[in-house]
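For reference, the structure discussed in these notes is given below.
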Amino acid sequence: MILQLDAEAFRKVHPLEFYKKFLPEGVRPDGRSLNMIRETIVSSGSLHTCEGSSLIKTGNTSVVCGIKSEVMIPREDEPTKGKIIISFDFPPICSSDVTGNWEEMNEKKSIIQSRLTSIIENCNVLDFDQLCIEEGKAVWVLYADLYCLENDGNVFDNALIALLTALRDVKLPKVEVNEDDEAIVTDENALTTLSLNNYPVSLTFGLLDDYVLVDPTSEEESLLSWLITIVYNEKKEICQIWKPGGSCIKFKSLRYCMELSKKRTERIISMIENSLKD
């Protein structure tokens with residue numbers, strides 16, 4: 001018991017030195033190898049009050065996404081295109097230290113929200129014409145609200161999976177525009193689903209004492225020299241690379257991260273599609 005307490009105290013006081021005792025052996029304190037991703041669970045249709053929803057859990061990190069819809073008049077220059085508006089938040093329940101770091105958490109949620117929006121708008125994820133009800137008169141606007149329920153690191157990867165899964169789960173009723181230009185639901189049972197052109201899936205890595213770690217926990221994130229997120233689609237096309245500062249990354253390390261990211265994509269897409277069949 002004394003040795004256990006001493007180890008826990010050493011970990012809190014000298015976390016980097018604590019990790020240095022594990023990493024040369026190719027393992028982390030949680031028992032994972034350096035390139036091992038925590039178990040990921042994908043479920044869809046989690047919220048019955050939404051047109052589409054999902055819950056993603058990787059290790060002790062959980063993100064939920066709910067999508068609501070609204071009929072709006074389209075822009076004049078895009079008469080057939082609907083819109084997706086994304087919001088992301090860290091509620092106080094997601095971590096014990098959220099309330100004491102509002103400024104830092106606000107910055108993180110803004111970054112995640114803008115990156116999700118960038119992927120949806122720039123990576124050909126879906127054809128926005130699918131959201132057209134009647135050209136020039138009415139289109140669907142989807143509001144995708146994401147919340148981190150538990151934060152144990154690598155939140156963005158889970159948020160992106162949650163968003164893609166919820167979009168695939170969306171079911172919209174049949175709507176027509178009457179003579180008074182009012183949108184009326186004509187058949188609640190004739191539901192329309194969305195098809196995705198691409199599934200951009202991300203994987204995040206970090207460098208801790210010259211060792212590249214995959215899927216870092218929140219503790220590991222606080223010790224990293226650099227963090228990088230790589231996004232590939234199912235065609236093995238690179239969609240985005242995001243590296244927010246830190247030290248320089250070696251070309252060998254970058255190639256290693258890119259190869260692991262490609263392998264991750266197919267597995268996640270399969271999990272998304274299987275969740276829709278359950």
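Computed over heavy atoms, backbone and side chain alike; hydrogens, waters and symmetry mates excluded. Because the structure is predicted, anything quoted here is derived from the model rather than measured. The first residue of the sequence shown is numbered 1, and numbering continues consecutively from there.
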Report yes if the side chains of F205 and S261 come closer than 4.5 Å at any heavy-atom pair, otherwise no. yes
* Is L172 reachable from L163 through a run of I, L, V, M, F, W or Y residues, each pair having side-chain heavy atoms under 4.5 Å apart? -> yes
*Pair S118-Q240, side-chain donor/acceptor within less than 3.5 Å*: yes
*Give a yes or no on whether the backbone of H14 and the side-chain of E17 come within a donor-acceptor separation of less than 3.5 Å.*
no
Do M72 and W140 have side-chain heavy atoms sitting under 4.5 Å apart? no
*asked:* Under a 3.5 Å threshold, yes or no: a donor from one side chain and an acceptor from the other, between Q113 and S87?
replied: no
Would you kindly say whether K236 and N233 are connected by a side-chain donor-acceptor distance under 3.5 Å?
no
Practice prompt. Could you go through the salt bridge (Lys or Arg N to Asp or Glu O under 4.0 Å) check for R168 and E273 one step at a time?
Written response: CA-CA 8 Å; R168 283 289 287 116; E273 294 302 319; 3.1 Å; yes
Any chain of hydrophobic side-chain contacts (each under 4.5 Å) joining F22 to L207? no
- [ ] Taking the side chain as every heavy atom from C-beta outward, state whether N124 and C239 have any atom pair closer than 4.5 Å.
- [x] no
Here the gap from N154 atom CG to T61 atom OG1, rounded to the nearest 0.5 Å, amounts to 7.0 Å
### Message
As a quick check of understanding, evaluate side chain to side chain contact (heavy atoms under 4.5 Å, CB included) for V71 and V139, giving each step before the final call.
### Response
CA-CA 6 Å; V71 177; V139 295; over 6 Å; no
Taking every heavy atom of G66 against every heavy atom of L47, the minimum-distance pair comes out as CA-CD1, 4.2 Å
In short, A138 meets P74 closest at the heavy-atom pair N-CD, 3.7 Å
_Counting only heavy atoms from other residues, nucleotides and ligands, does the tally under 6.0 Å from CD1 of I238 exceed 12?_
yes
Can you tell me if R11 uses its side chain to pair, donor with acceptor, with the backbone of P15 under 3.5 Å? no
Step by step, would you call L126 with N198 a side chain to side chain contact (heavy atoms under 4.5 Å, CB included)? CA-CA 7 Å; L126 77 162; N198 284 304; over 6 Å; no
S275 and V42 have their tightest heavy-atom pair at CB-O, 3.6 Å
message: Using side-chain heavy atoms (C-beta onward) and a distance below 4.5 Å, is V231 in contact with L203?
response: no
(Q) Tell me if a side-chain donor or acceptor on N274 pairs with a main-chain N or O of L276 at a distance below 3.5 Å. (A) no
In this structure, CG of D215 is separated from OG1 of T40 (nearest 0.5 Å) by 7.0 Å
Interatomic distance, OG@S114 vs CD@E121, rounded to 0.5 Å, equals 10.5 Å
- Would a hydrophobic clustering, with Ile, Leu, Val, Met, Phe, Trp and Tyr connected at side-chain separations under 4.5 Å, put L208 with I230? no
Does CD in E107 sit with more than 12 non-hydrogen atoms of other residues, nucleotides or ligands closer than 6.0 Å?
-> no
query: Would V214 and L223 show up in the same hydrophobic cluster when neighbours are defined by side-chain heavy atoms closer than 4.5 Å?
result: no
Heavy-atom closest pair (I119 atom, V125 atom, distance to 0.1 Å) is O-CG2, 3.5 Å
- Query: Under 3.5 Å, side chain of D157 to main-chain N/O of T204, donor-acceptor pair present?
  - Reply: yes
Should the pair E135-K81 be classified as a salt bridge under the 4.0 Å nitrogen-to-oxygen rule? no
Could you state whether Y211 and W226 fall into the same hydrophobic cluster, counting links through intermediate Ile, Leu, Val, Met, Phe, Trp or Tyr residues with side-chain heavy atoms under 4.5 angstrom apart?
-> no
Notebook entry, point to check: Does the pair K83/E78 count as a salt bridge with the N-to-O cut at 4.0 Å?
Noted result: no
Exercise for review: Determine, stepwise, if the pair F10 / K21 fulfils side chain to side chain contact (heavy atoms under 4.5 Å, CB included).
Suggested key: CA-CA 12 Å; F10 181 72; K21 295 183 178 296; 3.8 Å; yes
(message) Taking the side chain as everything from C-beta on, heavy atoms only, tell me whether S53 gets closer than 4.5 Å to V64.
(response) no
Margin query: Closer than 3.5 angstrom, by distance alone: can the side chain of S62 be matched with the main-chain N or O of T58 as a donor-acceptor pair?
Written below: no
Cationic tip of R115 within the cone over F156's six-membered ring, i.e. under 6.0 Å and within 45° of the normal?
yes
Here the gap from L254 atom CG to I249 atom CD1, rounded to the nearest 0.5 Å, amounts to 5.0 Å
Whether K137 and E134 form a salt bridge (side-chain N of Lys/Arg under 4.0 Å from carboxylate O of Asp/Glu) is what I want to check.
yes
- Counting N and O atoms only, with roles assigned by atom type, does the side chain of S54 sit under 3.5 Å from a partner on the main chain of A162, one being a donor and the other an acceptor? yes
- Message: For K263, I'd like to know if atom NZ has over 12 heavy atoms of other residues, nucleotides or ligands within 6.0 Å.
- Response: no
Q) Would K108 and E104 pass as an ion pair if we require N to O under 4.0 Å? A) yes
Please verify the inter-ring angle class for F90 with F88; under 30° counts as parallel, over 60° as perpendicular, anything in between as tilted. perpendicular
(message) Contact between V201 and I272 at the side-chain level, heavy atoms closer than 4.5 Å - yes or no?
(response) no
Is it true that atom NZ of K243 has more than 12 heavy atoms of other residues, nucleotides or ligands lying nearer than 6.0 Å? yes
Before giving the answer on salt bridge (Lys or Arg N to Asp or Glu O under 4.0 Å), spell out for R38 and D152 the whole-Å C-alpha distance, their side-chain angles and the decisive distance to 0.1 Å. CA-CA 11 Å; R38 291 168 291 178; D152 189 27; 3.5 Å; yes
**Study point:** Side-chain heavy atoms of T165 within contact of I161, under 4.5 Å
**Key:** yes
Shortest non-hydrogen pair, T193 vs Q130, comes out as O-OE1, 4.3 Å
Before you tell me yes or no, could you show the steps for R264 and E259 under salt bridge (Lys or Arg N to Asp or Glu O under 4.0 Å), namely the whole-Å CA-CA distance, both residues' side-chain angles and the distance that decides it to 0.1 Å?
CA-CA 9 Å; R264 170 76 162 166; E259 289 302 317; over 6 Å; no
Item to complete: Go through the steps to decide whether L23 and L34 satisfy the test side chain to side chain contact (heavy atoms under 4.5 Å, CB included), and finish with yes or no.
Response: CA-CA 8 Å; L23 300 181; L34 307 187; 3.8 Å; yes
- request: Indicate whether the side chain of S202 and that of T229 have a donor and an acceptor atom separated by less than 3.5 Å.
  value: no
In terms of side-chain heavy atoms, does Y143 have a donor or acceptor partner in E70 at a distance below 3.5 Å? yes
So, the side chain of S43 versus the backbone of L55: is there a donor-acceptor pair under 3.5 Å, distance only?
yes
Will you find, in the side chains of E51 and S69, an N or O donor that is under 3.5 Å from an N or O acceptor? yes
The single option from I84, L131, I85 that satisfies side chain to side chain contact (heavy atoms under 4.5 Å, CB included) with V141 is I85
To the nearest 0.5 Å, atom CG of N35 lies from atom CG of L213 at 10.0 Å
SG of C123 to CG of N197, rounded to nearest 0.5 Å, is 11.5 Å
Worksheet item: Taking side chain as C-beta onward, heavy atoms only, is E150 less than 4.5 Å from C94?
Response: no
When every non-hydrogen atom of K20 is compared with those of D209, the smallest separation belongs to CG-OD2, 3.4 Å
Main chain of Y199, side chain of E234: is a donor-acceptor contact present, judged purely on distance under 3.5 Å? yes
